[in-house]
Structures are given as structure tokens and as C-alpha cells.
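Remarks on the structure that follows.
In what follows, residues are counted from 1 in the order of the sequence shown. Since the structure is predicted, the reported quantities are computational estimates derived from the model, not experimental observations.
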Amino acid sequence: MSYSNNRQGPPPEQLWKSWDRKARKQDFHATIYSSDGSQYKGEWKNDKKHGKGIYIWKSTGDFYEGDFANDMRTGFGTLTIKTIDGKFQRQYAGGWKNNMKHGYGNLFFSDNEYYEGEFYADKRNGWGRMFYADGSTYEGQWLDDKRHGTGMLRLVNDNRYEGEWRDNKKHGHGKFFYVTRGQLMEGLWVDDICKAGQMKDFGRDQAILPTPYPIPDLSLAQPDQVLAEAEATFSAADG
């Protein structure tokens with residue numbers, strides 16, 4: 001007795017599925033152009049930019065080189081912008097997350113003004129150091145792109161403020177060292193102004209331009225209590 005073999009192979013793949021599978025971008029690809037003319041060259045995964053790559057914006061000429069994950073700048077990378085005169089200038093190098101600056105990085109405002117430190121959600125947040133074009137520097141805490149928390153601002157003449165900040169202004173307890181004239185102001189600051197404090201001689205012998213006469217001793221019976229009450233008054237008004 002003979003038996004016929006009626007078993008058949010798997011049904012052929014539909015043509016559109018075959019084309020779709022072959023068109024999917026996976027691993028390294030040469031330059032791929034988007035609808036607006038921007039271009040990407042690098043690694044892919046499941047049709048998304050994923051891994052190392054370079055993305056160039058057609059509209060501006062700016063380009064990003066670094067890590068991608070799920071079609072977004074995530075990891076470490078460098079953003080370079082094209083200036084008005086056609087030159088390229090590095091704007092940011094550091095950590096990224098979901099297309100935003102995140103983690104530790106360096107942000108360049110110009111050739112002689114830049115920030116190095118922590119970022120969160122595309123803004124300076126956490127600890128960082130800012131080098132300003134006028135030669136002054138700030139080192140300390142930041143919140144939403146502003147000096148906020150505790151930090152030190154050193155001016156180009158070496159005078160400096162050490163203390164608390166809020167919304168980019170000296171605010172809270174702090175000390176301002178007038179190194180050039182050998183004096184120290186210590187007290188409570190509100191919106192960049194010392195509202196209650198005490199001026200003292202500090203390093204007057206080494207000062208470049210010392211005051212003609214030293215500051216006399218405070219003659220109040222209870223100077224500490226007077227300052228504390230003044231500080232409490234301004235703190236209550238501010239709070």
C-alpha cells in the first residue's frame with residue numbers, strides 16, 4: 001500500500017511583509033536622510049537611532065555626535081553649532097537624556113565664557129563652576145540655570161562673596177571679602193544687598209589699597225544680640 005505525502009511547506013510570506021522587513025534599519029547604516037533634509041549616519045535598532053551616530057540638521061547646519069537610544073540623544077555626546085559667519089563652535093559636551101542635557105557636562109557660551117558641572121532637564125542644576133567673560137568665577141550650587149543654594153563668587157580683583165544665593169542673587173547669610181582694602185562684611189543678604197551685618201578689618205596689612213584707618217571696635221553693649229534681632233526682622237519680612 002502506498003501513501004501520498006500531502007504535507008506542504010509554510011505559506012509564502014506576503015510580499016509587503018518581506019519588503020517591510022528588508023527596509024527596516026538595523027545595526028550600522030550609511031547616511032539616511034529625513035523628510036526635511038536632515039541626515040543621520042550611525043547605528044540603528046528596530047528602526048530607531050540607537051548606539052553611536054552623527055545627526056546633522058539641514059535647517060541650521062548644527063550637528064550632534066555621540067550616543068543615541070530609542071531615537072533620542074541619550075548617553076554622552078557633543079553638540080556643535082554653526083555660527084552666523086559660517087564657522088563651527090562647540091556648544092555642549094557631556095551627558096544627555098531624552099534629547100536634553102543631563103548629568104555632567106561643559107556648556108560653552110563663547111570662547112571665554114563657559115560652565116562645567118551638573119545638568120538636569122536641559123538646565124544647570126546641582127553643583128557647577130561658571131567662568132564669566134569678565135574674568136570672575138562662581139563655584140557652587142545651581143537651580144534652573146540660576147545660582148541658588150551655597151556658593152562663592154570671586155571677582156577679577158579677587159574680592160569674593162561666600163554664602164547663600166537665591167535666584168541668581170546673594171540672599172541669606174554670607175561673607176563678602178574686600179581683599180583689595182582689607183575688610184570683611186558678614187551678615188544677612190536680601191536680593192543682593194546686605195541688610196544686617198558687621199564690617200570688620202580682615203587682612204588689612206596685606207591689602208593693596210587699605211583703608212586709611214582701621215575700623216574701631218563695636219561699642220554696643222550687646223552687639224551680637226542687636227545683629228541677631230536685625231537679621232530676624234529682615235528674615236521675617238522676606239519669608
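- Between N125 and E118, every side-chain heavy-atom pair lies at or beyond the 4.5 Å cut-off.
- The list of salt bridge (Lys or Arg N to Asp or Glu O under 4.0 Å) pairs with a residue in residues 77-102, not counting sequence neighbours, reads K101-D122.
- Heavy atoms from other residues, nucleotides or ligands lying under 6.0 Å from CG of D134 number more than 12.
- There is a side-chain donor-acceptor pair under 3.5 Å between T211 and R204.
- In this structure, the side chains of F68 and E43 stay at 4.5 Å or more apart for every pair of heavy atoms.
- Atom CG of D62 and atom OG1 of T83 lie 10.0 Å apart (nearest 0.5 Å).
- F109 and Y92 end up in the same hydrophobic cluster when Ile, Leu, Val, Met, Phe, Trp and Tyr side chains are linked at under 4.5 Å.
- Closest of all the heavy-atom pairs between H102 and A121 is ND1-N, 4.1 Å.
- When side chains are defined from C-beta on, V179 counts as touching R160, because their heavy atoms get closer than 4.5 Å.
- Side-chain N or O atoms of D67 include none that pairs as donor or acceptor with a backbone N or O of T74 at under 3.5 Å.
- Judged by distance alone, the side chain of D201 and the main-chain N or O of I215 form a donor-acceptor pair under 3.5 Å.
- Here the shortest heavy-atom pairing between A207 and R181 reads CB-C, 3.6 Å.
- If you take CG on D192 and CG on D167, they are separated by 11.0 Å, rounding to the nearest 0.5 Å.
- Considering Y115, W127, W165 as possible partners of W142, the one that fulfils the ring-ring contact (aromatic ring centres under 6.0 Å, His included) test is Y115.
- A side-chain donor-acceptor contact under 3.5 Å links N159 to the backbone of T180.
- Contact annotation: the side chain of L107 approaches that of Q91 to within less than 4.5 Å [non-hydrogen atoms, C-beta and beyond].
- A distance of 7.0 Å separates OH in Y132 from CG in L153, rounded to the nearest 0.5 Å.
- Side-chain contact check for M100 versus F119: every heavy-atom pair is 4.5 Å or farther apart.
- Of the possible donor and acceptor atoms, none in the side chain of E116 sits under 3.5 Å from a partner among the backbone N and O of R129.
- H171 contributes a side-chain N or O that, together with a main-chain N or O of D191, makes up a donor-acceptor pair within less than 3.5 Å.
- Side-chain contact check for M130 versus E113: some heavy-atom pair is nearer than 4.5 Å.
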Start with the C-alpha gap between E186 and K175, add the side-chain angles, then the distance that decides, and say whether side-chain contact (heavy atoms from CB on, under 4.5 Å) holds. CA-CA 4 Å; E186 181 176 3; K175 300 178 181 179; 3.3 Å; yes
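- With a 4.5 Å cut-off between side-chain heavy atoms of Ile, Leu, Val, Met, Phe, Trp and Tyr, the cluster of F88 takes in I54, I56, F63.
- Taken to the nearest 0.5 Å, the NZ atom of K48 stands 8.5 Å off from the CE atom of M72.
- If you take OH on Y64 and CG on N99, they are separated by 8.5 Å, rounding to the nearest 0.5 Å.
- Under the 4.5 Å side-chain criterion, counting only non-hydrogen atoms from C-beta, K41 is not in contact with Q39.
- The distance from atom CG of L184 to atom CD of Q198, rounded to the nearest 0.5 Å, is 9.0 Å.
- The aromatic rings of W189 and Y161 stand perpendicular to each other, their planes meeting at an angle above 60°, with 30° marking the opposite boundary.
- Side-chain contact between F202 and Y178 is absent, with no heavy atoms from C-beta onward closer than 4.5 Å.
- Chaining together hydrophobic side chains whose heavy atoms lie under 4.5 Å apart places F131 alongside F108, Y114.
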